[in-house]
Amino acid sequence: DRIAAQAEADRLAKEEADRIAAQAEADRLAKEEADRIAAQAEADRLAKEEADRIAAQNEADRLAKEEADRLAKEEADRIAAQAEADRLAKEEADRIASENAIANPTDDIGRSMTAIAKRTEDSKTTQENFLKKLNEAVASKQKDLDDLKEENDLSEKGIILPPKPFKSVTAERKALESLKSDLDNIIDNRSKSIEDLENLYKQRLKKVKDKNDPTNKYYQNAIAELKAEQSRAKQTKVNLLKTLDDLKLAIEIERKRRIKRAEYDNEDDKYNDDRETLKMFKENTPVSSIPLKAEDFDFGEEQSGNIQIIKNIKNTESGYYLILAVHSDESGRDDFLMKALASGLSNIDFFYDVTKSKYFIYYQKFDFIGDANEALKAKGSKPYNGKLSIVKIEN
């Protein structure tokens, strides 16, 4: 029993010694792990400090570079601005010097060139105004065509438009001819001035051969620009006049279309419309305070000296008529009627020949040829009877 007890005691003592040794090993390993973790934490802290230091340095470097770039750009901009200011100042000084040299040339040819150039520039506005007026005339003719075409188109559909305000064809034609004449004169005169300027320039080149002479350099460019400008003006005039001719032709076609349509309308309706038109003119046309002249009247188709015989004119009596004017369109007829009424001819009248599509305007009718001839001889000098002729109607 003693031996067994001693063995048990030894076993227990060994177990205790093993436990103590195991605990010591566990404590050692735990301390090693704690030391490793502490070392890692220190390493991480140092690494973060280094990274933060590097980031801070990079930010400082970036800000320093930005500031350096900003200062460099400011300096570059200042230098560029100064250079631009210097350039503009030099240009202005050169321009003033050049203008002074051009405006005040010391030679006779230079002074003559300056005078012609000023005259040419002054006439530019007048030329442009005339071209503008010609363009307005084209626009007016285009509107006349559009209105007439619309009237014809709607009339064929049975829609009758109210009459347009009266427009004097004769006055319009005379105004256009006057405008064309004025435009031709200003273009010719301005072209002649440019030609004179170029000739003087060529003469001056022979005397002042310096290529950098400001007067020569200026007029070399100025003449080229003036010639191009004048070429454009001439072409504009040609184009506008061509358009006017085209519009006149188109208007005449539309007028003939209206007349042709009228020939197929009820003759009684046309006669009544004509009577109403004449009545309206007589009631609303005052005598002009300024006497009209013969050149104010458009007598229309030229009549021969022989007595013309017309047959079968409905609503018009047979006899001999003293004809004042003959027109193939209502606008020409109306223009003559209103001017004759404005001149004091209150008994004016007209009839329409369907076969010839013409209006015959008259103011006296006779039963006998002798009486008609006597009246023709005694016509006097009224502005509206300068082209008086005799027409005989046989119904």
Can you see which heavy atom on [X] is nearest to which on [Y], and at what distance?
| X | Y | value |
| --- | --- | --- |
| Glu301 | Gln303 | O-NE2, 3.1 Å |
| Ala342 | Thr285 | N-CG2, 3.9 Å |
| Leu341 | Ser346 | CD2-CA, 4.1 Å |
| Ala375 | Leu322 | CB-CD1, 3.5 Å |
| Pro286 | Asn284 | CD-O, 3.4 Å |

Subject >> Set of residues satisfying side-chain hydrogen bond (donor to acceptor under 3.5 Å, both in side chains) with respect to Asp353, sequence neighbours excluded >> reply: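 Per chain and number, Asp353 pairs via side-chain hydrogen bond (donor to acceptor under 3.5 Å, both in side chains) with Thr355.
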
**OP:** Just jot down the side-chain hydrogen bond (donor to acceptor under 3.5 Å, both in side chains) partners of Glu84, sequence neighbours excluded, or say none.
**Re:**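 For Glu84 the side-chain hydrogen bond (donor to acceptor under 3.5 Å, both in side chains) partners, ignoring immediate neighbours, are Arg87.
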
**OP:** Carefully, step by step, assess Gln230 and Arg190 under the rule side chain to side chain contact (heavy atoms under 4.5 Å, CB included).
**Re:** CA-CA 8 Å; Gln230 199 66 357; Arg190 195 163 189 266; 2.8 Å; yes

Report the hydrophobic cluster partners of [X], with the cluster defined as I, L, V, M, F, W, Y residues connected by side-chain heavy atoms closer than 4.5 angstrom, directly or transitively.
| X | answer |
| --- | --- |
| Ile313 | Ile310, Tyr321, Ile323, Val326, Phe351, Phe360, Tyr362, Val391, Ile393 |
| Ile253 | Leu249 |
| Phe130 | Leu131, Leu134, Val138, Leu145, Leu148, Leu176, Leu179, Leu183, Ile186, Ile187, Leu240, Leu241, Leu244, Leu247, Ile251 |
| Leu63 | none |

[X] bridged to [Y] by N-O distance under 4.0 Å:
| X | Y | answer |
| --- | --- | --- |
| Lys242 | Asp246 | yes |
| Lys392 | Glu394 | yes |
| Asp27 | Lys31 | no |
| Lys227 | Glu198 | yes |
| Asp153 | Lys149 | yes |
| Lys180 | Asp184 | no |

Original post:
With a 4.5 Å heavy-atom cut-off, do Thr120 and Asp196 have their side chains touching?
Top reply: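 Not touching, per the 4.5 Å side-chain cut-off.
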
Original post:
Do the non-hydrogen side-chain atoms of Phe366 and Ile390 ever get within less than 4.5 Å of each other?
Top reply: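 SC-SC contact between Phe366 and Ile390 ruled out.
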
Original post:
Are Met338 and Val287 in one and the same hydrophobic cluster, where Ile, Leu, Val, Met, Phe, Trp and Tyr link if side-chain heavy atoms are under 4.5 Å apart?
Top reply: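 Different clusters: Met338 never reaches Val287 through Ile, Leu, Val, Met, Phe, Trp or Tyr contacts under 4.5 Å.
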
Subject >> Pairs involving residues 337-349, ordered by first then second residue, that meet salt bridge (charged side-chain N to carboxylate O under 4.0 Å, His left out) (sequence neighbours left out) >> reply: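 As it turns out, the salt bridge (charged side-chain N to carboxylate O under 4.0 Å, His left out) pairs with a partner in residues 337-349, which skip direct neighbours, are Arg275-Asp349, Asp335-Lys339.
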
Distance, nearest 0.5 Å, that separates [atom1] of [X] from [atom2] of [Y]:
| X | Y | atom1 | atom2 | result |
| --- | --- | --- | --- | --- |
| Ile194 | Ile223 | CD1 | CD1 | 9.0 Å |
| Glu195 | Asp188 | CD | CG | 11.0 Å |
| Ser357 | His327 | OG | NE2 | 15.0 Å |
| Asp371 | Phe368 | CG | CZ | 7.0 Å |
| Asn189 | Arg119 | CG | CZ | 9.5 Å |
| Phe297 | Ile361 | CZ | CD1 | 10.5 Å |

Original post:
Would Gln142 and Asp146 count as a side chain to side chain donor-acceptor pair (under 3.5 Å) if you check the C-alpha gap in whole Å, the side-chain angles of each, and the deciding distance to 0.1 Å?
Top reply: CA-CA 6 Å; Gln142 181 64 57; Asp146 294 342; 3.0 Å; yes

Residues forming a side chain to side chain contact (heavy atoms under 4.5 Å, CB included) with [X], sequence neighbours excluded:
| X | result |
| --- | --- |
| Lys314 | Glu267, Asp268 |
| Glu128 | Lys124 |
| Ile54 | Glu50, Asn58 |

Original post:
Is it true that atom CD of Glu136 has more than 12 heavy atoms of other residues, nucleotides or ligands lying nearer than 6.0 Å?
Top reply: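 Yes, because the 6.0 Å sphere around CD of Glu136 holds more than 12 heavy atoms from other groups.
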
Subject >> Donor-acceptor pair, side chain of Ser288 and main chain of Ile290, under 3.5 angstrom >> reply: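 Here the side-chain-to-backbone pair exists.
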
Original post:
For Asn216 and Asp210, what are the C-alpha separation, side-chain angles and deciding distance, and is it a side chain to side chain contact (heavy atoms under 4.5 Å, CB included)?
Top reply: CA-CA 8 Å; Asn216 287 347; Asp210 181 6; 5.9 Å; no

**OP:** Name all pairs fulfilling the side chain to side chain donor-acceptor pair (under 3.5 Å) condition that reach into residues 373-391, sequence neighbours left out, sorted by first residue then second.
**Re:**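 The answer is none; no pair qualifies.
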
**OP:** Could you please spell out the steps behind the side chain to side chain contact (heavy atoms under 4.5 Å, CB included) verdict for Ser331 and Arg255?
**Re:** CA-CA 10 Å; Ser331 59; Arg255 283 176 176 163; 3.4 Å; yes

Original post:
Does NZ or CZ of Arg333 come closer than 6.0 Å to the centre of the six-membered ring of Phe350, within 45° of the ring's axis?
Top reply: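 Ring-cation test returns yes.
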
**OP:** Examine Lys365 relative to Tyr320 and say whether NZ or CZ is less than 6.0 Å from the centre of the six-membered ring and inside a 45° cone about the ring axis.
**Re:**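 Because its charged atom misses either the 6.0 Å distance or the 45° angle limit, Lys365 does not stack over Tyr320.
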
**OP:** List the steps, then state whether side chain to side chain contact (heavy atoms under 4.5 Å, CB included) holds for Asp213 with Arg204.
**Re:** CA-CA 11 Å; Asp213 176 74; Arg204 194 172 192 275; 2.7 Å; yes

**OP:** Taking the six-membered ring for Trp and the single ring otherwise, decide whether the centroids of Tyr201 and Tyr219 are under 6.0 Å apart.
**Re:**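 Not close enough - the centres of the two rings lie 6.0 Å or further apart.
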
**OP:** Evaluate side chain to side chain donor-acceptor pair (under 3.5 Å) for Gln235 paired with Asn239, printing each intermediate quantity in order.
**Re:** CA-CA 6 Å; Gln235 189 58 51; Asn239 293 342; 2.9 Å; yes

Subject >> Contacts of Phe299 that satisfy ring-ring contact (aromatic ring centres under 6.0 Å, His included) - sequence neighbours left out >> reply: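 Checked Phe299 against ring-ring contact (aromatic ring centres under 6.0 Å, His included); matches are Phe336.
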
